[in-house]
Amino acid sequence: MADRTFRLYDSMSRVVKPLELLEPGHLRFYSCGPTVYSYAHIGNFRSFLTGDLIVRTAKELGWRVTWVTNITDVGHLTQDDVADAGGEDRMEKALHSKEGERFSNVWELAEYYGEKYREDWERLNLSEPTVRPKATQHVREQIVMTQALIDKGHAYETPTGVYFDVDSDPDYGKLSGNTRDGLKEAVRDVVLDENKRQQADFALWKKDDKHLMQWFSPWGWGFPGWHIECSAMARAYLGDTIDLHSGGEDNMFPHHECEIAQSEAFTGKPFSSHWVHTRFLQVEGEKMAKSKGNFFTVRDLIEQGFDPLALRYALISVPYGKPLNFTMQSLRDAQGNVERFRECERRIVAALGSMPEGADTPTGTDLERVAGEMLAAMCDDLNTSVAIAKAIEGTKIILRQNELSSADAAAAAWFLRRVEGLLGLWRVTPEDGCADTEPVVDGVTVSEWIERRATAKKNKDFTEADRIREALNAAGVELRDTPGGTTWAKKQV
RNA sequence: GGCGCCGUGCCCAAGUGGUUAAGGGGAAGGUCUGCAAAACCUUUAUCCAGCGGUUCGAAUCCGCUCGGCGCCUCCA
């Protein structure tokens with residue numbers, strides 16, 4: 001397994017190529033995280049899930065992974081509007097919105113949404129990053145880097161801020177394909193400013209002593225430019241050159257382009273060996289937008305009763321490099337499939353009493369083969385469609401047998417753990433298991449009801465048996481008669 | 001205006017030069033069952049928007065036409 005190559009599309013060279021590590025067996029990876037001014041939506045998470053899947057695949061390959069994904073808790077310009085120095089940024093805008101009324105300041109607002117973001121992250125079963133730095137905790141590094149860029153002649157100060165001099169970087173535009181000539185039009189964080197040398201020059205520091213979040217710097221009170229935070233944090237935790245950097249497709253320009261310019265001008269070394277960008281998702285064939293009424297946050301869908309793992313399934317069912325058409329139907333389709341993994345778990349537990357640990361020697365050669373194909377699919381530019389198909393093929397092999405032998409159950413458990421590790425579409429039911437606490441219906445436990453129903457059935461009292469089944473069903477408990485007896489499961493949406 | 005993507009069965013969707021075009025949903029039939037549910041099995045595209053070309057050979061490459069979408073601006 002260790003000799004497998006992990007191939008990913010690289011946006012810089014525009015070709016699928018093996019992920020090459022600076023230090024063999026150790027992936028250093030930075031993913032752009034969200035600006036926490038609101039609840040994260042499913043599009044945000046499609047992009048974060050790409051990072052998660054890369055990390056999972058790398059770990060299945062036995063690599064050590066240092067994964068940094070930031071939280072941007074500083075607001076940035078919503079428009080290229082320098083005339084109005086008190087103009088709102090995204091954080092301020094959120095604070096002044098109806099949603100934001102309950103917060104007393106932007107710091108509280110950022111803290112709140114950052115916390116909610118981590119909750120969604122956990123519910124969608126993303127792996128924990130090694131570090132999750134906040135931009136506000138690294139302002140000092142950003143100031144140091146900005147000062148150094150001035151010293152090296154790559155940046156200059158104006159009455160409104162400090163700007164990166166795009167002309168000082170002959171490679172500027174190498175990621176996005178944008179040329180300086182093509183950048184006559186203003187872009188994000190490219191501020192209209194008479195004092196700038198070039199329209200395309202972008203802000204490293206904005207002078208603003210009225211901004212709600214401000215820090216003191218060699219250039220007075222103000223706040224850092226958006227791009228510099230990622231350059232500073234990536235370097236702080238991962239070093240001058242990293243193996244891989246990811247983000248949404250919209251990050252390619254200007255954000256990542258500017259990060260490359262800053263970091264490489266600062267260190268004189270290549271910034272990242274590999275770039276991965278996740279395509280946007282659409283909803284019912286259209287761009288997801290609040291104005292279109294097809295805008296979904298993760299928590300909306302979960303509160304509507306959808307299984308978080310089904311949402312995860314739907315969001316990773318199409319490879320990251322293609323647009324994903326998210327539909328309610330696809331979410332319902334996903335539900336039954338994540339349930340299959342749980343059904344496998346029930347069969348295993350029924351056969352062994354619990355999920356066995358350390359069953360690394362599968363007796364099921366079929367399962368071993370399928371797991372290998374599943375990993376191979378992920379190594380092939382994260383072909384999640386094929387990997388999921390393989391996971392399902394595995395469940396069929398397991399569920400085909402009505403009762404598992406203990407050897408087969410051990411193999412099945414091993415396979416489930418591969419699905420868990422690589423795709424995250426199944427997770428062990430928690431021990432303390434509030435999730436699986438036995439429901440009590442009308443003051444009687446489900447197992448007691450099952451016994452009463454068995455008695456009724458034995459006495460051919462099918463009316464009573466069906467009445468019990470219906471009552472439990474109405475209470476959200478589904479009964480399943482198997483050759484080995486009756487089991488139950490909570491009904492899914 | 002600049003750049004780019006997509007069009008595969010009823011729906012979602014993998015496959016991008018060569019055996020029988022993955023997988024999921026749905027539908028139909030079957031096994032099991034008192035009935036149901038769950039699970040499993042079987043069936044469901046001689047064909048990949050249309051037209052033309054390259055090739056021994058194309059859903060996969062090239063051109064055109066039609067249709068849908070995205071980025072370039074806050075956005076993952």
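In what follows, chains are A, B, ... by sequence order, proteins preceding strands, each numbered from 1.
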Handout entry: Distance-only polar pair, side chains of Tyr39(A) and Asp120(A), donor-acceptor under 3.5 Å
Key = no
Practice task
Would you please say whether a donor-acceptor pair under 3.5 Å links the side chains of Gln282(A) and Asn325(A)?
Solution key: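 There is no such pair between these side chains.
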Between [N] atom [atom2] and [X] atom [atom1], what is the distance in whole Å?
X         : N      : atom1 : atom2 : answer
Arg453(A) : C35(B) : CZ    : P     : 12 Å
Met288(A) : C71(B) : CE    : P     : 11 Å
Tyr320(A) : A14(B) : OH    : C1'   : 15 Å
Glu284(A) : A13(B) : CD    : C1'   : 15 Å
Lys460(A) : C35(B) : NZ    : P     : 10 Å
Gln329(A) : G25(B) : CD    : P     : 11 Å
Lys287(A) : C6(B)  : NZ    : P     : 19 Å
Trp488(A) : A38(B) : CH2   : C1'   : 15 Å

[X] (side chain) and [N] (base): donor-acceptor pair under 3.5 Å:
X         : N      : answer
His277(A) : A76(B) : no
Asn383(A) : G15(B) : no
Asp466(A) : A36(B) : no
Arg279(A) : C69(B) : no

Exercise for the section: Go through C40(B), A37(B), A36(B) for me and flag the one nearest to the Arg469(A) side chain. Expected result: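 Comparing C40(B), A37(B), A36(B) against the side chain of Arg469(A), the answer is A36(B).
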Exercise for the section: For C41(B), take OP1 and OP2 only and decide whether either is under 4.0 Å from a side-chain N or O of Arg400(A). Expected result: yes
Problem - Residue-level proximity of residues 49-58 of chain A to RNA chain B when a heavy atom falls under 4.0 Å - result: none
Problem - C1' gap between A58(B) and G52(B), integer Å - result: 14 Å
Handout entry: Face-to-face contact Phe280(A) to A76(B) six-ring, under 5.5 Å, under 30°
Key = yes
Exercise for the section: Identify the residue among Ile316(A), Leu309(A), Ile392(A) that makes a side chain to side chain contact (heavy atoms under 4.5 Å, CB included) with Leu425(A). Expected result: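 Testing Leu425(A) for a side chain to side chain contact (heavy atoms under 4.5 Å, CB included) against Ile316(A), Leu309(A), Ile392(A) leaves exactly one candidate, Ile316(A).
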Exercise for the section: Let me know which of Arg453(A), Glu451(A), Arg452(A) forms a side chain to side chain contact (heavy atoms under 4.5 Å, CB included) with Trp449(A). Expected result: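 Option passing the side chain to side chain contact (heavy atoms under 4.5 Å, CB included) with Trp449(A): Arg452(A).
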Problem - Residue whose nearest RNA chain B nucleotide is more 5′ - Glu249(A) or Tyr313(A) - result: Tyr313(A)
Exercise for the section: Report the residue (Ile392(A) or Leu399(A)) whose heavy-atom-nearest nucleotide on RNA chain B is the more 5′ of the two. Expected result: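 Here Ile392(A) is the residue nearer the 5' end.
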Handout entry: cation_pi(Arg132(A), Trp121(A)) dist<6.0 Å, angle<=45
Key = yes
Practice task
Measure from the side-chain N and O atoms of Ser231(A) to the backbone N and O of Ile228(A), and report whether any donor-acceptor pair falls under 3.5 Å.
Solution key: no
Problem - Ring-ring centroid check Phe271(A) His245(A), cutoff 6.0 Å - result: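 Yes.
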Handout entry: Identified pairing partner of G7(B), criterion: Watson-Crick or G-U wobble below 3.5 Å
Key = C66(B)
